[in-house]
Amino acid sequence: MKHLSRGLAACLVVASLTWHSGVLAETIAIIGTGNVGGALGSEFAQQGHTIVYGSRDPGRAEVQELIARTGGNASATSQSGAVV
């Protein structure tokens with residue numbers, strides 16, 4: 001069950017608003033770095049939003065690859081506050 005649930009849940013939280021190229025851009029926190037979180041984060045980043053992924057281990061190679069694919073100002077953080 002643990003394996004099955006990894007890519008099935010993501011939660012969005014609008015953290016702040018900023019202006020980006022004349023358009024109101026948001027910082028969006030996405031809890032999870034699986035299939036759903038990665039897909040949502042990439043799409044929102046393409047629209048000019050800043051993405052912060054929530055991950056148990058933000059330093060993990062897969063999470064770092066997701067940040068690189070997302071582009072922009074994407075980052076990842078853990079519950080303990082470690083930001084990558």
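The structure displayed is predicted, hence computed values, not measured ones. The figures that follow rest on heavy atoms only: side chains count, while hydrogens, waters and symmetry mates do not.
- Looking at Thr50 and Phe44, their side chains never come closer than 4.5 Å, going by heavy atoms from C-beta outward.
- A distance of 9.0 Å separates CD of Gln64 from OG of Ser55, quoted to the nearest 0.5 Å.
- For the pair Leu66 and Tyr53, the minimum side-chain heavy-atom distance is below 4.5 Å.
- Rounded to the nearest 0.5 Å, atoms CD1 (Ile67) and OG (Ser75) are 6.5 Å apart.
- Across all non-hydrogen atoms, the minimal contact from Val63 to Pro58 is CG1-O, 3.6 Å.
- Under a cut-off of 6.0 angstrom, the local environment of CG in Asn73 is sparse, with at most 12 non-hydrogen atoms contributed by other residues, nucleotides or ligands.
- Atom CD of Gln79 and atom CD1 of Ile31 lie 10.0 Å apart (nearest 0.5 Å).
- Rounded to the nearest 0.5 angstrom, Glu65 CD and Thr33 OG1 are separated by 11.0 Å.
- How far CG of Asn35 is from CG of Leu40: 11.0 Å, rounded to the nearest 0.5 Å.
- Using a 4.5 Å heavy-atom cutoff, the side chains of Ile30 and Val52 are not in contact.
- A pairwise comparison of heavy atoms in His49 and Glu26 identifies ND1-N, 3.0 Å as the closest pair.
- Between the OG1 atom of Thr27 and the CD1 atom of Ile51 there is a distance of 8.5 Å, given to the nearest 0.5 Å.
- Ser42 places a side-chain heavy atom less than 4.5 Å from the side chain of Thr70.
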